[in-house]
Number of protein chains: 2
Amino acid sequence: MADLGPYDLLLSVAERGSMGRAAAAHGVSQAAVSARVRSLEAALGVTLLERSPRGTTLTPAGALVAGWARSAVDAAEALEAGIASLRAEQSSRLRVAASLTVAEYLLPRWLVALRTRNPGTAVSLSSQNSTDVAADVLADRADVGFVEAPTVPDELDAQVVARDQLTVVVSPDHPWARRRHGIDAARLATTPLVAREHGSGTRSHLERAIGPLAEPVLELASTTAIKNAAAGGVAPAVLSSLAVAPDLAAGTLVAVPVRGVALHRTLSAVWHRGRPLTGPSEDLVRIATGSG
Amino acid sequence: MADLGPYDLLLSVAERGSMGRAAAAHGVSQAAVSARVRSLEAALGVTLLERSPRGTTLTPAGALVAGWARSAVDAAEALEAGIASLRAEQSSRLRVAASLTVAEYLLPRWLVALRTRNPGTAVSLSSQNSTDVAADVLADRADVGFVEAPTVPDELDAQVVARDQLTVVVSPDHPWARRRHGIDAARLATTPLVAREHGSGTRSHLERAIGPLAEPVLELASTTAIKNAAAGGVAPAVLSSLAVAPDLAAGTLVAVPVRGVALHRTLSAVWHRGRPLTGPSEDLVRIATGSG
DNA sequence: GTGCACCCATAAGCTGCGGTTGTGCCTCTA
DNA sequence: TAGAGGCACAACCGCAGCTTATGGGTGCAC
């Protein structure tokens with residue numbers, strides 16, 4: 001698995017126009033940057049940079065690689081931001097409580113954005129189900145919370161920040177994949193699915209929307225395992241649109257519309273009514289709202 | 001910048017349920033896996049795995065980290081797949097020609113999917129504008145091409161594989177960000193934008209849709225530079241929805257609807273009419289279509 | 001035209017990370 | 001009770017990547 005360090009360096013060089021400036025920005029010597037970029041090019045077998053005595057620019061192939069690298073580096077930054085929020089237990093200025101869906105799929109990117117806008121803010125994250133999040137905010141164990149629940153306690157102010165949707169996904173080879181108009185709710189309810197183990201929020205939400213389900217053909221603990229099973233053709237699965245978006249884009253899974261039933265839900269920020277948002281928490285909610 | 005190696009290992013361990021099996025899958029010793037995972041946990045200050053004499057499972061924090069890591073590792077895999085396609089000049093079984101938008105934002109993920117379905121296929125990529133792509137396919141320098149052009153030469157078969165949309169983006173602080181109903185085309189045409197240098201496909205497509213534009217306030221060479229300028233509040237920018245999707249999700253940019261004009265375009269696979277798709281090229285087009 | 005500033009490349013030496021093998025302890029199963 | 005499978009620790013080793021120092025090149029200012 002690739003080390004992203006050299007790519008990060010490549011992006012830095014491309015952005016600043018010279019290896020020396022990139023080196024300064026990273027706090028290393030110019031020679032180190034030169035050597036690292038050279039070894040990256042050697043490993044790839046492609047020349048990425050056009051050197052000149054006046055500086056350095058990307059070759060066409062380099063521009064393509066830089067574009068791809070940007071995505072990977074951004075994803076790695078989101079990972080790091082998330083991890084930082086797990087570690088910063090004490091002395092953190094902003095305490096966030098978030099439901100699993102928000103914590104897994106949305107929060108890291110918000111934290112990256114928050115960090116660029118407001119560096120030096122230590123964020124601590126605790127992740128639980130929606131009712132526990134609300135309790136944490138009420139008890140002042142968290143400055144701001146993010147929940148999936150349609151209703152929140154009276155003592156909390158709330159603002160919708162995003163929307164997701166339960167999505168039926170199948171392997172591209174599955175017969176449902178060819179149905180342009182999808183399936184109806186009754187068909188979904190009577191088809192054995194690959195599902196999360198009992199008690200999952202997604203599963204209960206689905207049952208609330210379309211009634212009792214057929215016995216699952218397979219129960220698995222993690223979203224990834226479910227996606228793999230569905231992509232392998234075991235059976236259809238129902239997951240959050242946030243969870244399956246990359247797989248749909250890659251074509252490894254295909255979404256099947258469901259007629260006659262609304263499967264979306266809203267994700268909201270919540271905070272204590274008596275304690276208005278201040279500074280970092282206000283910034284975070286604003287960032288989150290932008291993504292709606 | 002993080003090295004994704006340890007995270008890849010973590011995912012492997014989580015998936016297989018024991019360090020020994022993960023070690024075997026990666027071709028290293030069990031002790032190496034144990035040490036690496038331990039050092040990762042030490043660096044993070046968080047226990048990720050629950051060890052037992054019967055194997056290993058993720059802790060709750062570990063599951064969260066694993067979810068984040070999955071995104072980063074997937075992005076890195078797309079990067080590697082793209083790079084492999086640049087390097088594989090000769091003796092490759094599948095020659096692909098793609099326009100810049102497709103090559104940058106869609107193709108790498110398709111290649112990852114193709115590799116899992118059809119390992120051992122060496123893919124070579126050449127990236128140019130749409131008319132050159134069509135020429136490559138016609139001259140049998142490429143087995144399959146991906147273009148943005150609305151029309152293709154008669155000698156080519158075509159299939160729509162995806163759709164993108166020119167999107168007006170502004171900083172979250174910009175006045176347009178608060179307009180729920182967006183702006184009209186005339187307003188857009190008379191507003192100085194941050195734009196690509198003259199001759200870009202995006203820019204000419206925009207002019208074809210809404211007529212002559214105001215003189216840009218700033219011209220930049222790369223998509224990233226344009227996004228940074230727009231996010232910094234310099235001026236609005238117009239970019240492909242594929243390019244700005246992550247920034248919209250992160251909240252660093254806000255999309256502004258444009259009333260009364262259709263700004264979408266289709267991305268199509270093309271191949272020589274006399275030479276039907278076979279094996280790998282057929283798989284690739286099928287994967288690409290799934291993402292539509 | 002002659003410094004000077006800025007650029008990239010190379011050389012030589014050092015440090016530390018990650019890998020290996022070998023061993024120990026634990027627990028569940030047959 | 002023996003064996004299999006699991007994780008951890010110790011000792012040793014090789015290599016990747018960093019540093020400093022130096023050289024060759026170009027363009028600009030005076």
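Everything quoted here is computed from the prediction, not taken from an experiment. Letters A, B, ... are given to chains in the order of the sequence lines, protein chains preceding strands, and every chain is numbered from 1.
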Electrostatic pair [X]:[Y] at N-O distance under 4.0 angstrom:
X      : Y      : result
B:E80  : B:R87  : no
B:R70  : A:E104 : no
A:D283 : A:R117 : no

Rounded off to whole Å, could you give me the [atom1]-to-[atom2] distance for the [X] and [N] pair?
X     : N      : atom1 : atom2 : value
B:L4  : C:dG18 : CG    : P     : 13 Å
B:L9  : C:dG18 : CG    : P     : 11 Å
A:E50 : C:dC7  : CD    : C1'   : 14 Å
B:R38 : D:dC9  : CZ    : P     : 5 Å
A:Q30 : D:dC18 : CD    : C1'   : 13 Å
A:L48 : C:dC8  : CG    : P     : 15 Å
A:L49 : C:dA9  : CG    : P     : 9 Å
B:M19 : C:dC26 : CE    : C1'   : 15 Å

Could you tell me whether the phosphate oxygens of [N], OP1 or OP2, come under 4.0 Å of any side-chain nitrogen or oxygen in [X]?
X     : N      : value
A:R54 : C:dA5  : no
A:T56 : C:dC8  : yes
B:R36 : C:dG19 : yes
B:R51 : D:dG6  : no
B:S34 : D:dC7  : no

For the pair B:R21 (side chain) and B:R16 (backbone), establish whether a donor and an acceptor sit closer than 3.5 Å, ignoring hydrogens and angles.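 At least one qualifying donor-acceptor pair exists.
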Check every atom of C:dT20, C:dC8, D:dC18 against the side chain of B:S29 and return the nucleotide holding the closest atom.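 Out of C:dT20, C:dC8, D:dC18, the nucleotide with an atom closest to B:S29's side chain is C:dT20.
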If you assign each of A:A31 and A:P53 to its closest nucleotide in DNA chain D, which residue comes earlier from the 5' end?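 It is A:A31 whose nearest nucleotide is closer to the 5' end.
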